[in-house]
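Below is one structure, written out as structure tokens, with a few remarks after it.
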Amino acid sequence: MTSRKPDEQLARNSRLRLVRPRSLATTARRAVADRRTRPAPRPPEGTPPRGELARQARQVLADAVRVARWAAVDRGTVTAPGSARERAAAALGLTPEQVRTAWDRARLAGLVEIHGDTVRPGWRLRAWDRDDSAALRGWVALLDAWSLAHPAPQDAEPAAVAEVVEAVPQVLSLLQLSAGPVLVPALLDLLQQRVAELREQRCEVPYATDTEPPAPGEPRGGRAEDPGTGEAPDPDALPRLLDWALEGLASVGALTLGPGQATLTPLGNWAVWVKLEQICVAAQSPAGHIEQSAEDMLRGCVRLTPGPARAEYRAWLAARPVGKAVAELLTVARGDDALLRGLAFEALRVVGAAAEAEVRAAAEEPSLRPYALLWLAEHDGADPDEAADVLTREEATWLWVDTAAAVVDHGESDLLVRHLETAVQGTVPALLREVREAGHPRTVQVLVALAAAHPDPALAKAVRRAAFQVHTGGS
């Protein structure tokens, strides 16, 4: 082996790409030469320029940015009432309650990263004043977490709250398509229809134990039960929860409220349009797997170049709750297909801060640990080409074998031979020795395939010997 650097030509021409080009893995997807690129869609007429939208996003999160910068310098959280919150309030000219609200928003917008009791500035905070994308992405992250930024009434049924949160995208779509104020009764009618559809999808059967005819306006067969309680839902629950949702969306700057009506702000209109456009473009694309499982979606993205693949990930994520999507991607990552494992973490990079807790937990699983550590390092601001430094020698070797397994399953023999150049070991004997000790379940298959593919008879013989030793348990 003559170099530890990625083979740039290979990265451009190969159809596999498990992690970004780095010394650990140079495999990349083969560019689809005949794939036509679509012109960038234009936002609705009247949408402010991107710079103005970013200014509005910065204005919404102004207090959150101030608190985040204070906490990052002080290196302490301001979660609980006490000295930190009081000091922040005094230093910033805010009330303790305003500090608490701003702190919650800073976390939801990805402005800060918390490591134990230490607070670090997130990449969005570092780029806040100079990068409009950082401001807009931070605000969209806050919009996606509006139900956390504006907690539901304490007496609300959790199941009903979850239904409303899941139905809110349809409410926002109606507001966006209407291009103006929409009366609350019309929004309530849509919300009721969407909640009824969700209950029907869950096969919640309405009960009818009495023999009396239904009351006027009550559907035949009785009233639908509230899941978990077995009782008919409170007829006033949805109107109250709609009010809560509209207030929450207004609190994060997505809409404005008037007497009996709601209107999207320019920022909210732009965000909803972006999400709808992502879904529509993906649905019309050659992949178009937004309605499929995570596994099918990732398989559909194998032959896409990184840019179109990320667009597919965003569209797939926009069509489902973030928590559910992250769990589904990690389930795929735990499977036997190493290629899908790498692609799952590429999709999790698109999720961003909302996936941090789950990825951090996944770092405790041996098969996911190298991928999770690289994800966390890049999330913390490390350069992708240097993120591999967080891996131990053993973890780097395990990832090398896992990447090779993906090549064996999906790639070509010359790609497997070139994969030798990405190992951290300086010699083939050292690589084989550490590969044998890595304990990867696909070690034998990888070494056998490498021996069959390599043109050097001496090296192929050494690799076959190593495969035999692993197979028989020898040293």
Side-chain angles (χ1 to χ4, degrees), residues 43-44 46-47 53 56-57 60 105 108 139-153 156-202 204 224 226-227 233-280 283 290-291 314-325 354:
T47 301
L53 292 171
Q56 295 177 15
V60 172
R105 291 187 174 197
L108 295 173
W139 182 82
V140 170
L142 177 64
L143 173 62
D144 290 340
W146 68 267
S147 60
L148 301 178
H150 186 70
E157 289 290 340
V161 172
E163 290 172 341
V164 170
V165 171
E166 191 170 352
V168 157
Q170 281 70 31
V171 173
L172 291 173
S173 297
L174 175 60
L175 287 164
Q176 197 271 338
L177 294 172
S178 299
V182 178
L183 296 178
V184 171
L187 297 176
L188 178 59
D189 183 59
L190 174 63
L191 180 64
Q192 290 171 332
Q193 293 180 32
R194 180 57 183 150
V195 168
E197 291 172 358
L198 294 172
R199 291 176 178 174
E200 183 178 355
Q201 291 171 6
R202 292 196 301 267
E204 291 177 12
D226 189 5
D234 179 1
D236 296 327
L238 282 183
R240 289 193 301 113
L241 288 176
L242 175 61
D243 290 342
W244 161 70
L246 295 177
E247 291 169 0
L249 292 166
S251 72
V252 299
L255 51 81
T256 57
L257 298 177
Q261 63 183 24
T263 309
L264 283 177
T265 63
L267 199 57
N269 185 67
W270 167 81
V272 176
W273 171 79
V274 168
K275 291 181 181 294
L276 289 174
E277 189 64 27
Q278 288 173 349
I279 293 173
C280 292
I290 61 171
E291 296 182 358
R314 292 190 185 99
W316 186 86
L317 290 163
R320 49 194 39 80
V322 175
K324 180 180 178 182

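Only this structure's heavy atoms are used, side chains among them; waters, hydrogens and symmetry mates stay out.
Within the 4.5 Å cutoff, the side chain of L188 has heavy atoms near those of the P239 side chain. Within the 4.5 Å cutoff, the side chain of L242 has no heavy atoms near those of the V164 side chain.
The CG atom of L238 sits 7.5 Å away from atom CD of E163, with the distance rounded to the nearest 0.5 Å. Atom CG of L246 sits about 9.5 Å away from atom NE2 of H150, to the nearest 0.5 Å. Atom CG of residue N269 and atom OG1 of residue T265 lie 8.0 Å apart, to the nearest 0.5 angstrom. Taking CG of L175 as the reference point, atom CG of L264 lies at 4.5 Å (rounded to 0.5 Å). Taking CG from L249 and CG from L172, the interatomic distance works out to 5.5 Å, rounded to the nearest 0.5 Å. Atoms CG and CG, from L143 and L267 in turn, are 8.0 Å apart once rounded to the nearest 0.5 Å.
Summarising the geometry of A271 relative to W139, their closest heavy-atom pair is CB-CZ3, 3.6 Å, with the distance given to 0.1 Å. Here the closest non-hydrogen pair linking A145 and L108 is CB-CD2, 3.9 Å. Looking at every heavy atom in both residues, L241 comes nearest to A156 through CD2-CB, 3.9 Å. Nearest heavy atom pair, residue L198 against residue E166, reads CD2-OE2, 3.6 Å. When all heavy atoms are compared, the tightest approach of L257 to A262 is CD2-CB, 3.9 Å. G180 approaches T263 most closely through the heavy-atom pair C-CG2, 4.0 Å.
Cation-pi check for R320 over W316 is met; the charged atom lies under 6.0 angstrom from the ring centroid and within 45 degrees of its normal.
Applying the salt bridge (Lys or Arg N to Asp or Glu O under 4.0 Å) rule to pairs touching residues 142-152 yields D144-K275, sequence neighbours excluded. Applying the salt bridge (Lys or Arg N to Asp or Glu O under 4.0 Å) test to pairs two or more places apart or on separate chains, those with a residue in residues 187-196 are R194-E197.
No donor-acceptor pair under 3.5 Å is formed between the side chain of W273 and the backbone N or O of L177.
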message: Could you walk me through whether L317 and V322 satisfy the side-chain contact (heavy atoms from CB on, under 4.5 Å) test, starting with their C-alpha distance in whole Å, then the side-chain angles of each, then the deciding distance to 0.1 Å, before giving a yes or no?
response: CA-CA 7 Å; L317 290 163; V322 175; over 6 Å; no
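Aromatic pair W146/W244: ring centres closer than 6.0 Å.
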